[in-house]
Number of protein chains: 2
Amino acid sequence: MARRTGGIRRERAGESPEETRRAILRTAQRLFMEQGYRAISTRQIAAACGLTQPALYHHFADKEELYVAVLLDNLDEVHAGLERIAARGGDVAEKLRQVVGYLPGSRQDLTQMFHDIQHELRPEDSRRLYEAFEASMIAPLASIFADGLRLGALRSPERGGVDAVTAAYLLLHLLQYQAGGGKAELSGSRWTAHRAEIIVGLMLRGLAEPGYVGLEG
Amino acid sequence: MARRTGGIRRERAGESPEETRRAILRTAQRLFMEQGYRAISTRQIAAACGLTQPALYHHFADKEELYVAVLLDNLDEVHAGLERIAARGGDVAEKLRQVVGYLPGSRQDLTQMFHDIQHELRPEDSRRLYEAFEASMIAPLASIFADGLRLGALRSPERGGVDAVTAAYLLLHLLQYQAGGGKAELSGSRWTAHRAEIIVGLMLRGLAEPGYVGLEG
DNA sequence: CCTACCGATCGGTAGG
DNA sequence: CCTACCGATCGGTAGG
């Protein structure tokens with residue numbers, strides 16, 4: 001990419017353009033995920049990187065391209081983590097516990113992301129990101145549930161269960177659960193384990209007593 | 001409120017200030033719920049009401065006060081609906097089915113609302129709305145689950161279940177579920193009934209086969 | 001990667 | 001409830 005002849009010197013901090021680009025991506029990821037696309041200005045991102053705002057446009061064509069790059073980066077990382085979990089041994093319950101423990105740590109505010117995809121982006125970017133979301137998150141989660149269905153651990157749709165893709169979406173919604181609706185922001189491994197047990201317990205056994213009836217199917 | 005003497009005439013459309021205020025609230029509710037607080041400008045709201053933008057400030061002190069009024073109105077309406085369902089007869093499963101059928105129709109985009117409460121409002125408004133949310137939505141839902149726990153239809157926390165408030169939060173997360181993650185936007189009563197059965201089935205029975213083990217508690 | 005600057009739009013105010 | 005307007009901030013560009 002860069003010409004070798006002469007060696008391009010960089011006077012300021014010794015950072016290459018690639019390092020600057022990565023610093024912008026890292027900073028923008030944090031800000032966008034915390035506040036959303038619209039609430040974060042290009043000037044805020046630049047200032048947090050120690051740059052002026054027009055400098056951003058040397059690395060990204062416009063604000064939306066930067067945001068798309070941030071989201072695709074996020075989805076790639078999450079995809080790798082989920083595939084790793086799906087490939088490991090263990091039964092459905094154990095894999096789900098690991099998924100629940102893994103996803104909240106991955107700086108992914110799905111709620112925020114979906115709002116922006118649906119409301120702030122150009123249609124072609126919206127489509128592209130939705131496809132990346134399905135490939136990176138829905139597909140690996142659905143493969144875990146498909147295993148459970150195949151092995152007979154989960155009820156098939158004919159027996160009152162749901163298909164693997166539906167199960168993946170339901171799990172993603174439950175993953176939004178934090179104690180007190182996100183108000184208290186408890187943390188620590190004890191809470192993390194408790195939360196995992198609540199979500200996995202609901203997903204697999206539900207809340208009713210075994211003898212309870214009142215459901216069709 | 002208005003003085004009687006002489007009779008205040010209104011030349012334009014015969015609408016009283018109260019009617020104008022209600023029209024603003026109705027219009028703002030639709031726009032804010034669809035797009036979010038930040039994405040909707042006071043000029044858009046005014047134009048949709050057939051007013052100029054400064055006219056809004058005759059009825060509301062500022063944009064945030066209008067938004068708070070919109071959210072409190074919404075929560076009041078939802079509260080009435082949920083209390084009605086909670087007070088009716090029927091077991092837990094039937095009440096939950098009615099809740100699931102009722103809530104999506106109530107123009108409440110919880111995701112949007114929570115984002116704005118957490119990120120866009122002054123702390124005192126944020127606190128006030130969170131309390132209204134707990135009183136209007138969590139409390140009636142928790143009372144349904146508390147009934148189920150008391151009657152022995154639901155597992156107590158000691159038996160691997162969850163408390164009533166936690167159950168209310170989990171249900172609210174599941175209510176965000178729409179086919180395909182909100183992409184396809186299916187509708188019709190057949191889909192509504194199917195969705196209710198999926199969510200209530202998951203809440204009460206989970207997805208595992210009855211004989212499946214691998215869970216603690 | 002900087003300084004300087006553009007037009008557009010924002011929430012809100014003045015004054016009638 | 002209007003016209004007229006304010007200062008602030010937005011995303012993005014020119015030119016070096």
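Values in this document were obtained by computation on a predicted structure and should not be read as measured data. Convention: sequence-line order gives letters A, B, ...; per-chain numbering from 1.
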Asker: Give the ring-plane orientation class for A:Y67 versus A:Y37, where under 30° counts as parallel, over 60° as perpendicular and anything between as tilted.
Answerer: tilted
Asker: Take atom CD of B:E64 and atom C1' of C:dG12, then tell me their distance rounded to the nearest Å.
Answerer: 14 Å
Asker: In whole Å, I'd like the distance from the CG atom of A:L56 to the P atom of C:dC2.
Answerer: 10 Å
Asker: Kindly point out which of C:dG12, D:dG12, C:dC2 is positioned nearest to the side chain of B:D62?
Answerer: C:dG12
Asker: Which base, if any, makes a Watson-Crick or G-U wobble pair with C:dG15, both distances under 3.5 Å?
Answerer: D:dC2
Asker: Between D:dT13 atom P and A:K63 atom NZ, what is the distance in whole Å?
Answerer: 15 Å
Asker: Answer with base, sugar-phosphate or nothing: what part of the nucleic acid does A:T52 contact at a heavy-atom distance below 4.0 Å?
Answerer: base
Asker: Does OP1 or OP2 of C:dC10 have a side-chain N or O of B:S41 closer than 4.0 Å?
Answerer: yes
Asker: Between A:E64 and A:R122 (side chain of the first, backbone of the second, donor and acceptor by atom type, cut-off under 3.5 Å), is there such a pair?
Answerer: yes
Asker: Starting at the 5' end of DNA chain C, which residue's closest nucleotide do you reach first, A:I24 or B:R43?
Answerer: A:I24
Asker: Just to be sure I understand the rule, does A:I40 reach a base, reach only the sugar-phosphate, or reach nothing, if contact means heavy atoms closer than 4.0 Å?
Answerer: sugar-phosphate
Asker: Measure CG/A:L66 against C1'/D:dC10 and give the value in whole Å, please.
Answerer: 16 Å
Asker: Which of parallel (below 30°), tilted (30 to 60°) and perpendicular (above 60°) describes A:F114 and A:F133?
Answerer: perpendicular
Asker: Please report, rounded to the nearest Å, how far the P atom of D:dC10 is from the CD1 atom of A:I45.
Answerer: 11 Å
Asker: Taking all non-hydrogen atoms of both residues, which atom of B:T27 and which atom of B:A48 are closest, and how far apart?
Answerer: CG2-CB, 3.4 Å
Asker: Identify the nucleotide, in any strand shown, that forms a Watson-Crick or G-U wobble pair with D:dA8, with both distances under 3.5 Å; if there is none, say none.
Answerer: C:dT9
Asker: Considering just the side-chain nitrogens and oxygens of B:T42, establish if one lies under 4.0 Å of OP1 or OP2 belonging to C:dG12.
Answerer: no
Asker: Looking only at the side chain of B:A55 (C-beta and beyond, no hydrogens), which of the listed nucleotides D:dG11, D:dC2, C:dG12 gets closest?
Answerer: D:dC2
Asker: Can you measure B:E65 atom CD to C:dG11 atom P for me and round it to whole angstrom units?
Answerer: 15 Å
Asker: On DNA chain C, check which nucleotide each of A:H58 and A:Q53 is closest to and give me the residue with the more 5' one.
Answerer: A:H58
Asker: Does the side chain of A:N74 pick up a donor-acceptor pair with the side chain of A:Q29 at under 3.5 Å?
Answerer: yes
Asker: Quick one: is A:H59 getting a side-chain N or O under 4.0 Å of the C:dC1 phosphate, OP1 or OP2?
Answerer: yes
Asker: How long is the line joining OH of A:Y57 and P of D:dC10, in whole Å?
Answerer: 11 Å
Asker: Atom CD of B:E18 and atom C1' of D:dC1: how far apart are they, to the nearest Å?
Answerer: 15 Å
